[in-house]
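So the structure is just underneath, and the comments pick up after that.
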There are 2 protein chains.
Amino acid sequence: MVTLAEVAQHAGVSASTVSYVLSGKRSISAGTRQRVERSIQELGYHPNAGARALASSKSNIIALMVPLRTDMYVPVMMEIAIAVATTARIHGYDVLLLTGEEGPDAVRRVTGSGLADAMILMDVELDDERLPLLRDTDQPSVLIGLPADTSGLTCVDLDFGATGALCVEHLAMLGHREVAVIGEAPAVYERHTGFAERTLDGLRSRARELGLRVLHRPCEGGYDAMAATLARIFDERPGTTGFVVQNESAVEPLLALLRQQGRAVPEDVSVIAVCPEQVAVQASVRLTSVAIPAQEMGRRAVEQLVAKLDGRETDEVVLLAPELTVRASTGPLTGG
Amino acid sequence: MVTLAEVAQHAGVSASTVSYVLSGKRSISAGTRQRVERSIQELGYHPNAGARALASSKSNIIALMVPLRTDMYVPVMMEIAIAVATTARIHGYDVLLLTGEEGPDAVRRVTGSGLADAMILMDVELDDERLPLLRDTDQPSVLIGLPADTSGLTCVDLDFGATGALCVEHLAMLGHREVAVIGEAPAVYERHTGFAERTLDGLRSRARELGLRVLHRPCEGGYDAMAATLARIFDERPGTTGFVVQNESAVEPLLALLRQQGRAVPEDVSVIAVCPEQVAVQASVRLTSVAIPAQEMGRRAVEQLVAKLDGRETDEVVLLAPELTVRASTGPLTGG
DNA sequence: ATAGGTTGTCGAAGCGCTTCGATAGCGACC
DNA sequence: GGTCGCTATCGAAGCGCTTCGACAACCTAT
């Protein structure tokens, strides 16, 4: 391995000068800079990460903690992770991938060892056990998702409350009066992942204002579970004409079942999905949907984090405004 | 931050003794060990990663390069990534997440800076531009996927050739004579990702031996693309009764279209998917499938890598044997 | 011409750890 | 009882870098 000292010797300057050329923290004459840069090129020098971290107490690494479970929103998670990695590189950081498995211990380990300068947590639960640790540390962190108590934390998330409201508004505008919400698997609600509840709250309170009736049913993904859920819904509320689906793996089964039951989309029933664009576009009916802006979330999380690392002020909570795209799965209520 | 020296002082021993307690590289008396361990506990000591890396020239980090594109097999990629992270932790390594974006430069950067001790590459193309670099480096690496020339490389992958053969055998056994293969998007073939071609080769050559006719059609995911593809297939080969699908996002559309055309699965046509178990189980018809053993692939890749890092001999190529699970989407050809 | 301020460079200290002798202590052996 | 061979421990060097203070060289304003 080529070292700083070798570069310095090759360029005929001192080691510190090379270091300053690299960091730009002191002014260097154009001539010297060029000589040093040529030497770096010629020798194929790469600064040693460990030495750098030791000397500067900065690893230039951001830890990203992804949920271990793969029962939900996998593509979204992946897209966020990739956006995080890509954006981090732009700011000169690398990303360390941690799984939720280690739980709070991972936070301690990474914080304590100086492995990472900062950390991003995904899939935050309302009362996440990692939060006290984060508040105690002075290591910057950003959450993707919204816990119950955000004090002292920085969070980035889609505004799921507004998302729910937006869905119900669209349906109301089209004349629907009875709405069913196909939610995430029961386990998701049980573990108090905030977004599912927030969507529902936003949707319900707006529905109340607009005078719509709402029936919420959690649903495991897949065809069979969806069939059972749908049967129960029509059993309980035969007049249901609007559906809001917040569960990727229930989307296609729902469409298939409706088709099978002779209910035309969007003539008889309207369906809105809360899902990534790709799912909405590729479905058997092009879905009116509120997109989950995975990339944007990853990007913003990194930007918040970098701002913190640079000592800039940051917002406490960044809520991304939902956008509803009308496609072919919603239409005015005609039959009455 | 608590340092080694502080632990040493607290325990009344020298720094090197603490270090040896931690690493176990020299024998330590039981009494001393206990005293040191108690001090570590009490002070909440975590070894500094940078200092360690510098002194030992080992970072205990494995770099994982994931494809940037999210056009295919996203859940599989995610599952592999998580399996890699989990398995790596078991062996005392952390995982650095690199996106394909930087391309070969990322390999240079990570190798040169000593950021990682080794690296795992996913989504390897037949003639991947990163391979020469890997062969040149003495940094251990493992590929997930199979390039054209595996000499000097260690690879882990599903045996896609055998997978193709297995699918066609199953269909042949059930009496089918005309088989259509719904493949990945054309772009996947164009960029020469090996697995798609290997599946096809294995399938074709076994079909020849068994006397079946095979028609292969690449297919973008989604309903519309699948509809067009399916129309062309039945147009060209009206007698097609067996389908092999190697494209997650074509599965559900295919089932919907067949249903819509009044072709019953599995009475009239049989469908085999090459996909993750979850997809096969959740589909509207429980699919006979060959699973893509994502977790196993990630795990094996790490194990190969760790073996290399420990100086143990490793296999050059690990091909996982495919397993076909019969579910409800395939059956004997009855109509004749 | 001289004090004062820049600008560009250097040397040295030190980041926290690993690791290589060196050595002290101790039981065993002839 | 002296020597050998352990085991358990220590001290010191050094990994490759950053960063601080020092200082020479030069420029400007008086």
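Here is the naming used below: chain letters follow the sequence lines, and residue numbers restart at 1 for every chain. Excluded from the calculations below are hydrogen atoms, water molecules and symmetry mates; all remaining heavy atoms, backbone and side chain alike, are included.
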Would you check if the side chain of B:T137 reaches a backbone N or O of B:Q139 as a donor-acceptor pair within less than 3.5 Å?
no

Any side-chain to backbone donor/acceptor pair from B:D128 onto B:R130? Under 3.5 Å, distance only.
yes

Consider only side-chain N and O atoms of A:S16 and A:S19, and report whether a donor and an acceptor are under 3.5 Å apart.
no

When rounded to whole Å, the CD to C1' distance for the pair A:Q34 and C:dG8 reads 15 Å

Distance in angstrom units between A:H46 NE2 and D:dG16 C1', rounded:
15 Å

Are any of A:K25's side-chain N or O atoms less than 4.0 Å away from OP1 or OP2 of D:dT19?
yes

Any donor-acceptor pair under 3.5 Å linking the side-chain atoms of A:E125 with those of A:T193?
no

Quick check: on DNA chain D, is the nucleotide nearest A:M1 upstream (toward 5') of the one nearest A:S23, or the reverse? Name the residue that is more 5'.
A:M1

In whole angstroms, how far is the P atom of D:dT19 from the OH atom of A:Y20?
7 Å

How many Å lie between CG on B:N48 and P on C:dT18, as a whole number?
10 Å

d(CZ, B:R52; C1', C:dT19) in whole Å
13 Å

So B:M297 and B:L320, do their side chains get closer than 4.5 Å, heavy atoms only?
yes

Between A:S29 and C:dG8, is there a contact of a side-chain N or O with OP1 or OP2 at under 4.0 Å?
no

In whole angstroms, how far is the P atom of D:dT19 from the CG atom of A:L4?
12 Å

Is any side-chain N or O of A:T32 closer than 4.0 Å to OP1 or OP2 of C:dG8?
no

Among C:dA12, C:dT18, D:dC17, find the nucleotide with the atom closest to the side chain of A:S16.
C:dA12

Spacing between B:Y45 atom OH and C:dC17 atom C1', to the nearest angstrom
7 Å

Nearest-neighbour nucleotide for the B:A51 side chain, C:dG16, D:dC17, D:dT18 considered
C:dG16

Does C:dC10 have OP1 or OP2 sitting under 4.0 Å from an N or O in the side chain of A:S14?
yes

To the nearest angstrom, how far is A:K58 atom NZ from C:dG16 atom C1'?
19 Å

Short side-chain N/O contact from A:S27 to OP1 or OP2 of C:dT7, under 4.0 Å
no

Residue A:L54, side-chain atoms from C-beta onward, closest of D:dG16, D:dT18, C:dC17:
D:dG16

If you look at every strand shown and take non-hydrogen atoms under 4.0 Å, does B:S19 touch a base, only sugar-phosphate, or nothing?
base

Is the shortest side-chain N/O distance from B:R26 to OP1 or OP2 of C:dT19 below 4.0 Å?
no

